[in-house]
Every structure is written in structure tokens, then in C-alpha cells.
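A short write-up of the structure that comes next.
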There are 2 protein chains.
Amino acid sequence: MFTIGKLASLTSVSNDTLRYYEQEGLVEPAGKSPAGYRLYDKDSARRIHFIKHAQNCGFTLAEIRELLALRGRDNACCGDVRTRAIEKKLQIEHKIRAMKAMSKALDQLIAECANEAQPVKECTIIAALERATVAAPVQ
Amino acid sequence: MFTIGKLASLTSVSNDTLRYYEQEGLVEPAGKSPAGYRLYDKDSARRIHFIKHAQNCGFTLAEIRELLALRGRDNACCGDVRTRAIEKKLQIEHKIRAMKAMSKALDQLIAECANEAQPVKECTIIAALERATVAAPVQ
DNA sequence: CTAGACCCTGGAGTATACTCCAAGGTCAAG
DNA sequence: CTTGACCTTGGAGTATACTCCAGGGTCTAG
């Protein structure tokens with residue numbers, strides 16, 4: 001069990017951000033000290049890392065709250081949870097496809113840039129993305 | 001050549017958003033009518049779609065501006081552009097890895113949910129993500 | 001027993017990305 | 001030649017996700 005400052009430095013986010021996440025229902029301290037200090041454990045750190053990863057993948061805090069809710073401890077495996085999990089998975093797959101297309105487009109750009117001096121004439125990124133993507137709309 | 005309203009409905013964004021993007025240096029109208037109306041072409045529509053895709057992949061408008069700058073027409077293929085392209089590619093790959101991990105975690109959750117009634121005990125999403133990711137920091 | 005480093009709450013401020021007016025000009029149809 | 005659907009600029013307002021106080025309590029070390 002450690003206090004907020006420790007968790008903050010462990011996860012590279014600020015104390016304020018941790019309190020904000022708590023306010024937004026994304027993390028709860030594992031407990032409180034007699035003086036009212038928030039006390040966290042290793043799972044708290046995991047959760048913060050998860051939030052940061054998910055955010056980096058383009059999910060909003062609201063969406064992350066949903067992702068976290070999928071593993072609610074009590075009445076987990078009901079059909080509703082499964083449905084939302086599948087929904088989120090489709091969302092993620094869609095994003096992955098778009099990002100792969102971009103990665104490919106960048107590859108092309110990088111390859112073309114290998115022989116310097118010769119200027120790029122086509123808009124490689126946009127063109128490649130246009131060829132590659134076109135998938136089910138995300139929600 | 002068509003006006004802003006057409007481009008807006010073609011790309012499913014608002015007129016206001018298009019003007020905002022222009023203000024932020026992300027799109028320029030292909031021309032202007034005598035009355036001062038913005039006039040766009042198909043490339044404009046492509047660019048808007050690109051912006052939306054990139055945004056959906058978690059890039060900020062500032063980053064998207066950078067991505068778009070990579071294909072600057074005049075002095076493109078200089079080493080600097082190549083470097084930034086490689087940088088962006090690493091960023092994207094990192095995100096793809098994280099998203100694949102999440103996708104996998106959701107698969108697991110979905111599979112476990114297939115046999116209803118049996119509640120999930122472990123935090124699958126976080127656990128799977130933790131196992132799977134750990135990559136170079138993104139910038 | 002006090003100095004310095006920590007913690008608390010509550011509220012205000014900031015950056016990003018829109019979103020929505022107000023006040024007015026443009027233009028094709030009837 | 002006016003009506004209605006479009007366009008213009010400029011500026012204010014909103015949601016999200018922080019970020020930064022102010023004013024005050026807690027705790028460990030000297």
C-alpha cells in the first residue's frame with residue numbers, strides 16, 4: 001500500500017490526474033489511511049497503465065470506463081457484457097486496419113525517400129490510405 | 001469544384017469544422033468564387049477523410065498536420081522528412097501493438113463469456129494487455 | 001516542536017476540437 | 001425583386017481531459 005505520490009511516479013501521471021480519474025470513476029484507491037490519505041496497491045498501477053494504453057489507442061475516458069466495466073466482478077458474463085465486448089472489439093479492429101494502412105503508406109513514403117534528391121510527387125499517405133481502408137463504420 | 005456545404009455532406013463533417021480545419025492549416029480550398037465562397041475539389045474530400053481516419057487512430061490535429069506536411073510538394077524527400085516519417089511509423093506500430101493486445105484480451109473475455117453463468121474472476125483485459133504490451137515509449 | 005515534504009478538498013484555469021450564434025452578403029427560382 | 005437556401009467573418013460557448021492554485025491538515029526527521 002502506497003500513497004498517491006508514489007502511484008503518480010510509478011505510472012508517470014500527476015497526482016491531480018489520479019484524483020481526476022477517481023472523480024471520473026476510473027480508479028478507486030484500494031483503501032484510505034486514518035488521516036484520509038488515498039492508499040493504492042499494484043493493481044491500481046496496472047489500471048493506470050491500462051488507461052494510458054487505451055488512451056494512446058484513441059479511446060476516450062468514457063470508452064475506457066466502458067472497457068473497464070466489462071470486467072465488473074459480480075454479474076460479469078451476462079449477454080450484455082459479451083455484446084459490448086464484441087462491439088469494442090470491432091471498434092478496435094477497425095482502428096487497427098486504419099493504422100495498418102497508414103503504416104503502409106508511411107513505408108512507401110520512407111522507401112521513396114531512400115533515394116534522396118528525387119521529390120515525391122504523389123500524396124502517398126492519403127493515396128495509400130484511400131486504397132487500403134474502407135471498413136464498417138465505428139458505431 | 002463545389003462549395004463548403006457539398007464537401008461537408010460528402011465527408012460527414014460540418015461546415016464549421018471545415019472552416020476550423022482551414023484555420024488550423026489542415027485544408028485549403030482549391031479556390032474561391034468571385035463572391036468569396038470557398039471552392040473544393042475531390043482532393044479536398046480525400047484529405048478530410050484522411051484527417052478523420054487519422055483522428056480515429058488517436059492522432060491529434062497537430063500530429064495530423066505533421067503527417068500531411070510529410071508530403072510537402074517542393075522540398076519533400078529531404079532527410080528530415082524521412083526521419084519524421086520513420087518516427088510516425090514507430091508511433092503507429094506501437095499503437096497497433098497495444099490495440100492488438102486489447103483485441104486479444106477482448107477475445108478472451110468474449111470466449112469466457114460464451115459459457116454464460118460462469119462469472120469472470122480475473123481482470124482479463126488488463127492482465128492480457130500487461131502480458132502483451134511493453135514497447136518503446138512513444139516519443 | 002518545527003521545518004519540509006507530503007496529503008486533503010474545492011474550485012478555477014487551460015488546450016484541444018469543435019459547435020453555435022449574429023449580422024450580413026450571394027444567388028437561383030418564381 | 002423578393003424569398004429561401006446557401007455563403008461570409010468574427011466571436012462566444014461547450015465537452016473532454018487535464019492542470020494549477022488556495023487554504024489547510026499530516027507526518028517524519030532533526
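Just so you know, these numbers use all the heavy atoms, side chains as well, and skip hydrogens, waters and symmetry mates. Just so it is clear: chains get the letters A, B, ... in the order the sequence lines come, proteins before strands, and each one is counted from 1.
At D:dC7, one or more side-chain N or O atoms of B:Thr3 fall inside 4.0 Å of OP1 or OP2 (strictly under the cut-off). In terms of phosphate contacts, A:Arg19 brings a side-chain nitrogen or oxygen within less than 4.0 Å of OP1 or OP2 of C:dC8. Residue A:Arg38 places no side-chain N or O under 4.0 Å from the OP1 or OP2 atom of C:dC6.
Whole-Å rounding puts the B:Leu18 CG to C:dC20 P distance at 14 Å. Between the CZ atom of A:Arg65 and the C1' atom of D:dA17 there is a distance of 12 Å, rounded to whole Å. Following rounding to the nearest Å, A:Phe2 (CZ) and C:dC7 (C1') show an atom-to-atom distance of 16 Å. As rounded to whole Å, 14 Å separates atom C1' of C:dT16 from atom CG of A:Leu61. To the nearest angstrom, P of D:dT16 lies 13 Å from CD of A:Gln55. Rounded to a whole Å, the CD1 atom of A:Ile51 is 16 Å from the P atom of D:dT16. The nearest whole Å value for the distance from the OH atom in A:Tyr20 to the P atom in D:dC18 is 7 Å. Distance A:Asn15 CG to D:dG25 C1': 16 Å, rounded to the nearest Å.
Considering all non-hydrogen atoms of both residues, B:Gly5 and B:Asn15 come closest at CA-OD1, 3.8 Å. In terms of heavy atoms, A:Ala54 sits closest to B:Met102 at CA-CE, 3.4 Å. Listed here is the closest heavy atom pair of B:Ala8 and B:Ser14: CB-C, 4.1 Å.
Side-chain contact between A:Phe59 and A:Gln91 is present, with heavy atoms from C-beta onward closer than 4.5 Å. Looking at heavy atoms from C-beta onward, B:Phe2 lies in side-chain contact with B:Leu10 at the 4.5 angstrom threshold.
Ionic pairing of B:Lys104 and B:Asp107 is not present here: no N-O contact between side-chain nitrogen and carboxylate oxygen is shorter than 4.0 angstrom.
Checked against D:dC7, D:dA17, D:dT19, the side chain of A:Thr17 finds its nearest nucleotide in D:dT19. With D:dC27, C:dC27, D:dC18 as the choices, the nucleotide that has an atom nearest any side-chain atom of A:Ala35 turns out to be D:dC27.
Under a hydrophobic clustering in which Ile, Leu, Val, Met, Phe, Trp and Tyr are joined whenever their side-chain heavy atoms come within less than 4.5 Å, directly or via other members, A:Tyr20 and A:Leu18 fall into the same cluster. There is a path of hydrophobic side-chain contacts, each under 4.5 Å, that joins B:Met99 to A:Leu61.
Not a single donor-acceptor pair under 3.5 Å links the side chain of A:His94 to the backbone N or O of A:Leu90. Checking side-chain atoms of A:Arg65 against main-chain N and O of A:Glu24 turns up a donor-acceptor pair under 3.5 Å.
Within residues 21-34 of chain B, the residues having any heavy atom under 4.0 Å from DNA chain D are, by residue number, B:Lys32.
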Please enumerate all protein N or O atoms sitting under 3.5 Å from an N or O of nucleotides 1-5 of chain D, with distances to 0.1 Å.
none

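Projected onto DNA chain D by closest heavy-atom contact, B:Gly36 and A:Asp16 fall at different nucleotides, the more 5' of which corresponds to B:Gly36.
As judged by a 4.0 angstrom heavy-atom cut-off over every strand, B:Ser14 is placed among residues making no nucleic acid contact.
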